[in-house]
2 protein chains.
Amino acid sequence: MEKEIELFRGELKKIHLRVTSQRLKIVEAFLKTEKHITCDELYLIVRRNHPDIGYTTVYRTLKLIQETGLAREADLGDKVLRLEHEFGHKHHDHLICLKCGRFFEVFDPDIELLQEKLARKHKFNPIRHKMDIFGYCQKCSLKQ
Amino acid sequence: MEKEIELFRGELKKIHLRVTSQRLKIVEAFLKTEKHITCDELYLIVRRNHPDIGYTTVYRTLKLIQETGLAREADLGDKVLRLEHEFGHKHHDHLICLKCGRFFEVFDPDIELLQEKLARKHKFNPIRHKMDIFGYCQKCSLKQ
DNA sequence: AGTATAATTGAAAATGAATTTCAATTTCAA
DNA sequence: TTGAAATTGAAATTCATTTTCAATTATACT
Ligand SMILES: [Mn+2]
Ligand SMILES: [Mn+2]
Ligand SMILES: [Zn+2]
Ligand SMILES: [Zn+2]
């Protein structure tokens, strides 16, 4: 987590933003959770230990966390914006259970390669992609 | 388009909903466009020829269009809900240009197969998936 | 240290797409 | 024909996201 925080500090300084105690507390809270978290969820967590920090500051810091490369958007199929750790985390895709909402992070190098090829075939220069497979996890498959 | 409209009529009747002139006009307008369309965009189109039809009815009919299997959600990376034709259209994924916003519909059977395998490997029962590759189309790649 | 300047904060307000409410109207089936 | 059910569209509501603004705080420069 130290590395991430150093990165955060550095990036802020680069763009002449200040490293405030609020920002640090928020980024620490974000780094501690391993979920795909919404702004509201993070706010509720931060508030437990730091009741003086407002929602707006969490919201704005979450933007900074994205901009500094610590987080990226993750879509779990509900309609709220969720963020997941980016720095130090390899790219991966998701299996998302339609019943219980749990998700699994997966990676398949063969698919990645074919995606690249597919794009090239269409003279398209791929930058990033999102692949989400929706269905039923083992537990929910059994229960049905 | 006749086939789609017959399906729509049939599905409505199945669930004891009425085939009204508004619904028909809206579904026809939807079927005529080949874009990934938002509710608002469709409303504006419908309004041109049928100024008496309200936004709410378009919104509700769009839900029905989805439920009857004529449309599915399509995410182009902006934050608005878009719908694309489903019935009679094969599954496909998207290459989405980050610069001009245009998109290309693509399909790769090898990727589809590997996706299925990947899910199975994790004891996951896949139902549907979404794969969007973001990057730059040929035109926008050259311009940069 | 003192002061000017710029950034930060959090409450409140604004935004905007998605959704619901409701009273009036229309359709259907008996 | 008549009562029940469905439909409609305007208006209101919801809810996440984003902006505004006045007060506070940090920083840079004498
Ligand atoms: Mn993830
Ligand atoms: Mn499409
Ligand atoms: Zn599950
Ligand atoms: Zn382009």
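Here is how names work: the chains are called A, B, and so on, in the same order as the sequence lines, proteins then strands, and each is numbered from 1.
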Between [N] atom [atom2] and [X] atom [atom1], what is the distance in whole Å?
X: B:Leu24; N: D:dT8; atom1: CG; atom2: C1'; value: 15 Å
X: B:Arg47; N: D:dA10; atom1: CZ; atom2: C1'; value: 14 Å
X: B:Glu73; N: C:dA18; atom1: CD; atom2: P; value: 10 Å

Would you please confirm or rule out a distance under 4.0 Å between OP1 or OP2 of [N] and any side-chain N or O of [X]?
X: A:Tyr55; N: C:dG10; result: no
X: A:Thr57; N: C:dT9; result: no
X: B:Arg23; N: D:dT8; result: yes
X: A:Lys63; N: D:dT18; result: yes

*A:Thr56 near the nucleic acid: base, sugar-phosphate alone, or nothing, with a heavy-atom cut-off under 4.0 Å?*
base
*Determine the contact category for A:Asp52: base if any of its heavy atoms lies under 4.0 Å from a base atom, sugar-phosphate if only primed atoms, P, OP1 or OP2 are that close, otherwise nothing.*
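Sugar-phosphate: the residue A:Asp52, judged by heavy atoms under 4.0 Å, touches backbone atoms but no base.
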_Any N/O donor-acceptor pair, B:Arg18 side-chain to C:dT27 base, under 3.5 Å_ =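 Check passes, donor-acceptor contact within cut-off.
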*asked:* Let me spell it out: for each of B:Ser21 and A:Leu81, pick the nucleotide of DNA chain D with the closest heavy atom. Which residue's pick is nearer the 5' end?
replied: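 Whichever sits nearer the 5' end wins; that is B:Ser21.
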*Sub-6.0 Å ring centroid separation between A:Phe134 and B:His129*: no
*Considering every strand shown, what is the Watson-Crick or G-U wobble mate of C:dA30 when both distances are under 3.5 Å?*
D:dT1
*Among the nucleotides D:dT17, C:dT9, C:dA18, which one has an atom lying closest to any side-chain atom of A:Gln22?*
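Of D:dT17, C:dT9, C:dA18, C:dT9 is nearest to the side chain of A:Gln22.
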*Counting heavy atoms from C-beta on, name the nucleotide in C:dT8, D:dT20, C:dT20 closest to the side chain of B:Tyr59.*
C:dT20
*Would you please classify the geometry between the A:Tyr55 ring and the A:Tyr59 ring as parallel, tilted or perpendicular, with 30° and 60° separating the classes?*
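The rings of A:Tyr59 and A:Tyr55 lie parallel, inter-plane angle below 30°.
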_Any side-chain donor near an acceptor of the partner, A:His122 and B:Glu105, under 3.5 Å_ =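 Side chains of A:His122 and B:Glu105: no pair found under 3.5 Å.
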*Derivation of the side-chain contact (heavy atoms from CB on, under 4.5 Å) call for B:Leu81 and B:Cys39*: CA-CA 8 Å; B:Leu81 180 61; B:Cys39 182; over 6 Å; no
